[in-house]
Amino acid sequence: KVVAVIMVGGPTKGTRFRPLSFNIPKPLFPLAGQPMVHHPICACKRIPNLAQIYLIGFYEEREFALYVSSISNELKLPVRYLKEDKPRGSAGGLYYFRDIIMEDSPSHIFLLNCDVCCSFPLPAMLDAHKRYGGMGTMLVIKVSAESANQFGELVADPTTNELLHYTEKPETFVSNLINCGVYVFTPDIFTAIDDVYINREGIANLRRLSNFETLQSASRNIPADFVRLDQNILSPLAGKKQLYTYETMDFWEQIKTPGMSLKCSELYLAQFRYTSPDLLASGDGIKSATVSGNAYIHPSAKVHPSAKIGPNVSISANVRVGAGVRLSGCIILDDVEIMENAFVTNSIIGWKSSLGRWSHVQADGEAVTVEDEVVVFNCIVLPNKTLNVSVQEEIIL
Ligand code: GDD
């Protein structure tokens, strides 16, 4: 059997995603009309012999309760939310729930960051992992040399794919091959994490026994039970024939900022062409709006047949779109009203916003009212604002 664990973080994480994470936890923010975490969950469904999916985080349980029960029913697969009492780091969180994760005696455990957008080639990774025969295999991708330092940079053996060297967000360039935040492990990963705790205890004991200053400073800043997978496990185990890499040639992005959610929504809409074409809107311009390119329209949304939608638009529940409206490259969140002839591009329109007739919007926001004939361009508009003058390149607080 196989189990999958998705790390969803908590409210103190994902602060760069504000203001979009004020209303709902970042992992539930919709991309291509589906909660962010829905995409890795659906990818897990393709793993042979998958017994369970666990979401580990430190958000309140009630925030995930509704989603977890509806997705379990839909996929006919148990999906459980496990709440950490406090942040323990990516490896610490996994270790904390080791007894529950091992209940099904899995031979393999997938571990996925929830804030990455990719095609999650999990069955192919599992096959490669079994061929390599190590403790873990990590999904990796080549990115531009300029952007590599935002990620874990690594060196892999070109023939055996063994992970030879790993540095998390290095200051000087190591490699443009980076860690995608998607792994498969054997249960030996728990022993590896255990070793980190044992080593730390050893250092702490030594410190108590001696007044040796360097030992003191080495251990002073480490919270005893916070273990990061990248720095505490991947770096020390590189080059020891335990960790291997699997390179993806598909798309991959990290979702840390609101702007990235537009890009990732677009990537997932494009993927729906192959994986779930039934989720893409197909308008004919007579009974339903004209749709060009990829778009998702929630069944409860009311879109006027004379509206033009797309490409790369996703429209959430209870949205009303008036006559002559033109939408492209945008995410329209729940309960938004867009009045006649409004034009929206490259924007996220926040929950319960209202856009007036002939308004022109290129902004992010929530519960924002744009009055008729107002132009908003390149702005971030914060919640509960009424805009009655045109604005450009501003952050409206
Ligand atoms: N449950 C839980 N508890 N989840 C956590 C915790 C924690 O204490 N800390 C982080 N996470 C989750 C985050 O929500 C995210 O999904 C994932 O674990 C990794 O978060 P970070 O540890 O903050 O690392 P990062 O996102 O800056 O970078 C990692 O991912 C990159 C790929 O997106 C590193 O592994 C990089 O090397 C990698 O390139």
- Go through the steps to decide whether T345 and L327 satisfy the test side chain to side chain contact (heavy atoms under 4.5 Å, CB included), and finish with yes or no. CA-CA 6 Å; T345 187; L327 306 178; over 6 Å; no

Quick one: [atom1] on [X] to [atom2] on [Y], what's the gap to the nearest 0.5 Å?
X: C114; Y: I41; atom1: SG; atom2: CD1; value: 9.5 Å
X: K142; Y: T248; atom1: NZ; atom2: OG1; value: 11.5 Å
X: L279; Y: Q34; atom1: CG; atom2: CD; value: 5.5 Å
X: Q150; Y: K169; atom1: CD; atom2: NZ; value: 9.5 Å
X: L75; Y: I53; atom1: CG; atom2: CD1; value: 6.5 Å
X: L234; Y: L229; atom1: CG; atom2: CG; value: 4.5 Å

With a 4.5 Å heavy-atom cut-off, do [X] and [Y] have their side chains touching?
X: F97; Y: V5; value: no
X: N179; Y: V140; value: no
X: H108; Y: L126; value: yes
X: K241; Y: T160; value: no
X: F29; Y: S261; value: yes
X: I189; Y: M135; value: yes
X: C44; Y: L122; value: yes
X: C264; Y: I255; value: yes

- Task: Scan for salt bridge (Lys or Arg N to Asp or Glu O under 4.0 Å) pairs involving residues 183-198, sequence neighbours excluded, and state none if there are none.
- Result: none

[Y] backbone acceptor or donor facing [X] side chain under 3.5 Å:
X: E266; Y: A270; result: no
X: T245; Y: N161; result: yes
X: S314; Y: I331; result: no
X: T275; Y: Q271; result: yes
X: N176; Y: V143; result: yes

- Task: Tell me whether the centres of the aromatic rings in F151 and W252 are closer together than 6.0 Å.
- Result: yes

- Note on the structure: Taken in chain and number order and not counting sequence neighbours, the residues that satisfy salt bridge (charged side-chain N to carboxylate O under 4.0 Å, His left out) with D230 are R228

- S70: partners by side-chain hydrogen bond (donor to acceptor under 3.5 Å, both in side chains), with sequence neighbours left out: none

Minimum heavy-atom distance between [X] and [Y], given as atom pair plus value:
X: L139; Y: M125; result: N-CE, 3.7 Å
X: V303; Y: I309; result: CG1-CD1, 4.0 Å
X: P25; Y: Y59; result: CB-CE2, 3.5 Å
X: S288; Y: S282; result: OG-O, 4.3 Å
X: S175; Y: L154; result: OG-O, 2.7 Å
X: L177; Y: A156; result: CD2-CB, 4.2 Å

Run the side chain to side chain contact (heavy atoms under 4.5 Å, CB included) test against [X] and tell me which residues pass, sequence neighbours left out.
X: R326; value: K308, S328, F343
X: S316; value: P30, L333, D334
X: N318; value: S300, D335

Check whether [X] and [Y] end up in the same hydrophobic cluster, where Ile, Leu, Val, Met, Phe, Trp and Tyr are linked by side-chain heavy atoms less than 4.5 Å apart.
X: F190; Y: I56; value: yes
X: L269; Y: I297; value: no
X: F110; Y: L77; value: yes
X: L164; Y: I141; value: no
X: F251; Y: M36; value: yes

- Task: May I ask you to check whether S72 and S69 show a side-chain donor-acceptor distance below 3.5 Å?
- Result: no

- Query: Does any donor atom in the side chain of T159 or D157 lie under 3.5 Å from an acceptor atom in the other side chain?
  - Reply: yes

- Message: Y95 vs Y197, test: ring pair (Phe, Tyr, Trp, His ring centres under 6.0 Å). Steps then yes/no.
- Response: CA-CA 11 Å; Y95 186 82; Y197 288 121; 5.0 Å; yes

- Query: Should we count CG of L66 as having more than 12 external heavy atoms under 6.0 Å?
  - Reply: no

- Query: Using 30° and 60° as the class limits, which term best fits the ring planes of Y244 and Y132: parallel, tilted or perpendicular?
  - Reply: parallel

- Message: Check the orientation of Y183 and F185. Use parallel for under 30°, tilted for 30 to 60°, and perpendicular for over 60°.
- Response: parallel

- Item | Stepwise side chain to side chain donor-acceptor pair (under 3.5 Å) test for E168 and Y166 | CA-CA 7 Å; E168 184 61 24; Y166 185 93; 2.6 Å; yes

- Message: Test side chain to side chain contact (heavy atoms under 4.5 Å, CB included) on I101 and L94; report intermediate values, then the result.
- Response: CA-CA 8 Å; I101 294 167; L94 183 77; 3.8 Å; yes

- Task: Compute both the distance and the angle, then confirm whether R80 meets the cation-pi test with Y54: under 6.0 Å from the six-membered ring centre, within 45 degrees of the axis.
- Result: no

- Apply side chain to side chain contact (heavy atoms under 4.5 Å, CB included) to the pair V321 and H304, showing each step before the final yes or no. CA-CA 6 Å; V321 177; H304 194 276; 5.7 Å; no

- Message: Between K26 and D115, is the side chain to side chain contact (heavy atoms under 4.5 Å, CB included) condition met? List the steps.
- Response: CA-CA 8 Å; K26 171 177 151 176; D115 58 358; 3.6 Å; yes

- Item | Trace of the salt bridge (Lys or Arg N to Asp or Glu O under 4.0 Å) decision for R320 with E337 | CA-CA 5 Å; R320 284 144 297 155; E337 178 168 23; 3.7 Å; yes

